[in-house]
Amino acid sequence: DLPFKVAPWWEMSYDLIGGWRRFRIDYLPVPAGKTYFGFTLNFRETFKLPAAFTAELSGFYNGPDYYGPFRNEGYGSMNVGVKKQLRGNRGSLQFSATDVLESMNVVSKVGMVGVDAFYSRSYMSWNAESRRFPLLKLTYSRSFGSGQRMHNDEGGSGEERERIK
């Protein structure tokens with residue numbers, strides 16, 4: 001996690017998860033394998049606005065990867081949201097939209113790593129629902145209680161400590 005505070009009103013956080021991956025396909029007429037660097041990048045940008053509003057921009061990108069004879073092209077998504085903290089501990093109201101660039105399209109190619117018995121080559125494209133129209137969400141949330149414990153019940157261990165004294 002790489003957090004940055006650019007200004008008192010702007011915070012950023014980036015996560016990069018990745019590593020060298022290696023696999024072997026033994027069920028093909030000619031065994032095949034692949035070694036590659038696979039990664040996922042997640043990000044979040046938070047902006048504090050006047051009047052108890054907060055805006056957020058977030059998203060992810062998965063780099064190209066392999067799954068058996070499939071090669072998946074890179075894909076990602078970006079989301080936006082606005083949150084209003086209500087006065088007097090009345091909770092918050094949040095509006096968010098997913099995949100605002102309508103980019104959630106996963107393209108897979110079969111036959112890119114090895115040749116099967118039929119010399120298959122096929123291309124598939126999967127579009128998420130958000131690719132047609134961003135998913136919109138309106139959420140109200142409120143915390144009940146003060147967040148403090150009403151009593152200190154240490155159970156048997158507290159009683160044991162008292163006896164030892």
Side-chain angles (χ1 to χ4, degrees), residues 1-28 32-87 89-116 118-144 147:
D1 185 34
L2 297 172
F4 300 100
K5 190 163 188 160
V6 179
W9 52 270
W10 182 9
E11 294 179 8
M12 302 186 310
S13 178
Y14 291 88
D15 294 313
L16 177 64
I17 302 164
W20 287 104
R21 297 178 180 175
R22 183 176 164 182
F23 70 92
R24 183 169 168 81
I25 305 172
D26 292 327
Y27 59 83
L28 297 176
K34 186 72 176 171
T35 301
Y36 67 99
F37 181 76
F39 69 94
T40 298
L41 173 67
N42 296 294
F43 74 93
R44 185 179 67 246
E45 308 264 342
T46 305
F47 306 94
K48 292 180 184 174
L49 305 172
F53 277 94
T54 305
E56 184 174 288
L57 180 67
S58 66
F60 74 94
Y61 177 77
N62 284 334
D65 67 345
Y66 294 85
Y67 185 75
F70 293 87
R71 180 182 195 280
N72 297 316
E73 301 295 327
Y75 61 93
S77 177
M78 187 166 61
N79 314 305
V80 296
V82 177
K83 182 178 181 179
K84 167 70 173 164
Q85 193 67 40
L86 303 175
R87 290 185 202 175
N89 197 23
R90 289 193 203 123
S92 64
L93 195 58
Q94 181 174 346
F95 174 75
S96 60
T98 61
D99 196 13
V100 293
L101 299 177
E102 298 177 353
S103 60
M104 246 333 267
N105 178 19
V106 181
V107 175
S108 295
K109 298 176 181 177
V110 180
M112 303 307 291
V113 177
V115 177
D116 65 14
F118 304 103
Y119 296 93
S120 301
R121 287 233 186 230
S122 60
Y123 301 87
M124 296 174 281
S125 178
W126 176 80
N127 290 304
E129 179 182 12
S130 60
R131 183 103 193 266
R132 292 184 143 182
F133 185 78
L135 301 175
L136 307 175
K137 189 182 341 177
L138 183 62
T139 308
Y140 170 75
S141 60
R142 182 174 180 186
S143 177
F144 294 99

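Since the structure is predicted, the reported quantities are computational estimates derived from the model, not experimental observations.
- Residues F43 and M12 are not in side-chain contact: their nearest non-hydrogen atoms beyond the backbone lie 4.5 Å or more apart.
- Among K137, K83, E56, the one residue that satisfies the side chain to side chain contact (heavy atoms under 4.5 Å, CB included) test with S96 is K137.
- Between F60 and Y75, the shortest heavy-atom contact is CE1-CE1, 3.9 Å.
- Among residues two or more places apart in sequence or in another chain, the side chain to side chain contact (heavy atoms under 4.5 Å, CB included) test is passed with M124 by F70, S108, V110.
- Between the side chain of R131 and the backbone N or O of E102, at least one donor-acceptor pair lies under 3.5 Å.
- Checking side-chain atoms of K84 against main-chain N and O of A51 turns up a donor-acceptor pair under 3.5 Å.
- Atom CG of N127 and atom CE of M104 lie 9.0 Å apart (nearest 0.5 Å).
- Closest non-hydrogen pair, T54 versus T46, comes out as CG2-CG2, 3.5 Å.
- Note that CG of N42 and OG of S58 are 9.0 Å apart. Values are rounded to the nearest 0.5 Å.
- Using a 4.5 Å heavy-atom threshold, the side chains of V107 and Y123 count as separate.
- Between K48 and P8, the shortest heavy-atom distance links the atoms CD-O, 4.0 Å.
- In this structure, OH in Y67 is found 12.5 Å from CZ in R21, a value given to the nearest 0.5 Å.
- The existence of a salt bridge linking E73 and K109 is confirmed by a sub-4.0 Å separation between a basic side-chain nitrogen and an acidic carboxylate oxygen.
- Side chain of S103 to main chain of G76: a donor-acceptor pair is present (N/O by atom type, distance under 3.5 Å, no hydrogens or angles).
- Between L136 and F95, some side-chain heavy-atom pair lies under the 4.5 Å cut-off.
- When all heavy atoms are compared, the tightest approach of Y14 to L41 is CD2-CD1, 4.5 Å.
- For the residue pair N79/T98, the side-chain donor-acceptor check at 3.5 Å is not satisfied.
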